[in-house]
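Taking it in order: structure first as structure tokens, then the write-up.
Along the sequence shown, residues are numbered consecutively beginning with 1. Counting convention: from 1, in listed order, for ligands and their atoms alike.
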Amino acid sequence: MLGFDDKVVFVSGGNRGIGAAIVERLEDLGAQVAYNYRSSPGEAGSLPIQANVTNRDEMEAAIERVEDELGPIFGVVCNAGITRDALASKMDYADWDRVVDINLTGAWNTVRPALPNMYERNEGALVFISSIVGERGNIGQANYAAAKGGLLSLSKTLALEGARYGVRSNVVAPGFVETDMLKPIPDKVKDKIRAQIPLRRFGKPDEIAWAVTFLLSPEAGGFTTGETVAVNGGHHT
Ligand code: NDP
């Protein structure tokens, strides 16, 4: 129904959290889904590949392998990400580098090897997982906010460049979602954040996955490009 039958999609960081939910949802909707991971593979998906998004050779090899083993890649979802929080005046340079390398440059390393073939085939869709923090900034997350904000302008540029080749590019900007990423946040702080969210709860990974499937789908999202979909329980300001 959403046009995913026989379509191949690659998801970065698809072994757990939001990425795993995206892999499962897309597979459920008929896509063949490959993904990469750093630590250990997840349970869903047709083709798990161990590859670090910061390593260009590994990512080029991963994309080539997906096309060899599953077929032409239709969709790419850049999901892999980390946080290393500190106030800007105290942030280690290494934590800046690490977060920008994985969240921003890692997304570039994921899409760059896939683009030439997608353009040649004149079809495809990219989705970048940014964050509410990339839209509005956040205390203690200068590195993460800069990286996630960078994804917004990267996607808009790829939407403009890709349009003539039939390749769309969009962003999903989640608010707070129940995954391992929230584990370091103390319960008291989590309660305070929840109280600021109009829907009074954190999101579920599958609620992000549905937004991704809409944007990727040639049927549902075929006229949507250069857009950002916020999935945050109303937590906009
Ligand atoms: P998790 O910490 O649960 O998962 C992070 C994923 O990224 C894992 O699959 C991890 O793989 C992968 N990853 C991290 N570094 C690398 C790397 N160098 N190379 C390859 N894979 C890597 O986080 P979430 O599922 O919550 O986050 C997914 C995305 O959603 C991230 O981009 C995050 O910034 C974004 N997001 C999350 C929000 C939340 O509240 N949870 C809110 C807004 C955005 P491995 O297990 O192998 O390390």
Side-chain angles (χ1 to χ4, degrees), residues 10-25 33-45 48-63 76-85 95 97-111 126-138 140-141 143-152 154-155 171-185 189-190 193-194 196-197 199 201-212 228-233 235-236:
F10 181 80
V11 180
S12 73
N15 56 324
R16 62 189 171 96
I18 292 170
I22 295 169
V23 171
E24 254 180 72
R25 180 53 57 205
V33 192
Y35 65 89
N36 75 309
Y37 61 92
R38 195 175 40 169
S39 56
S40 53
E43 278 157 26
I49 301 174
Q50 189 166 29
N52 193 315
V53 293
T54 63
N55 185 316
R56 293 193 166 131
D57 293 339
E58 287 181 12
M59 292 311 290
E60 276 182 13
I63 294 296
V76 178
V77 182
C78 296
N79 163 78
I82 62 160
T83 53
R84 291 288 182 278
D85 299 349
D95 284 341
D97 290 346
R98 189 98 194 108
V99 167
V100 173
D101 280 355
I102 292 178
N103 293 272
L104 179 58
T105 312
W108 171 245
N109 295 342
T110 306
V111 291
L126 314 171
V127 175
F128 295 88
I129 307 299
S130 176
S131 165
I132 186 174
V133 170
E135 296 182 295
R136 63 172 209 176
N138 196 25
Q141 293 196 304
N143 48 3
Y144 186 75
K148 292 298 191 184
L151 292 179
L152 303 178
L154 171 60
S155 174
V171 169
V172 173
F176 289 80
V177 180
E178 289 282 8
T179 68
D180 294 344
M181 194 169 264
L182 297 197
K183 278 189 181 158
I185 304 177
V189 178
K190 278 193 199 161
I193 297 170
R194 247 187 235 103
Q196 293 164 5
I197 300 172
L199 287 182
R201 65 173 178 85
F202 295 147
K204 299 175 196 140
D206 194 43
E207 291 171 323
I208 308 305
W210 274 113
V212 172
T228 298
V229 174
V231 185
N232 60 22
H235 192 192
H236 287 282

Check your understanding: Do the side chain of Glu178 and the main chain of Phe202 share a donor and acceptor less than 3.5 angstrom apart?
Key -> no
Revision key, fill the gap. Sequence neighbours excluded, the answer for side chain to side chain donor-acceptor pair (under 3.5 Å) partners of Asp95 is none
Review point. Can any side-chain N or O of Ser155 pair as donor or acceptor with the backbone N or O of Leu151 at less than 3.5 Å?
Key: no
Extract all donor-acceptor atom pairs below 3.5 Å that involve side chains of residues 11-22 and protein atoms in other chains or at least two apart in sequence.
unit_1, atom_1, unit_2, atom_2, d
Ser12, OG, Asn79, N, 2.8
Ser12, OG, Ala80, N, 3.0
Asn15, ND2, Ser40, O, 2.9
Arg16, NH1, Asp180, OD2, 2.9

Practice item. Go through the structure and list residues passing side-chain contact (heavy atoms from CB on, under 4.5 Å) with Ala44, not counting sequence neighbours. Key: Val23, Glu24, Glu27
**Study point:** Residue shell around ligand 1, heavy atom under 4.0 angstrom
**Key:** Gly13, Asn15, Arg16, Gly17, Ile18, Asn36, Tyr37, Arg38, Ser39, Ala51, Asn52, Val53, Asn79, Ala80, Gly81, Ile82, Ile102, Ile129, Ser130, Ser131, Tyr144, Lys148, Pro174, Gly175, Phe176, Val177, Thr179, Asp180, Met181, Leu182
Exercise for review: Could you tell me whether the side chain of Asn103 and the main chain of Ile82 form a donor-acceptor pair under 3.5 Å?
Suggested key: yes
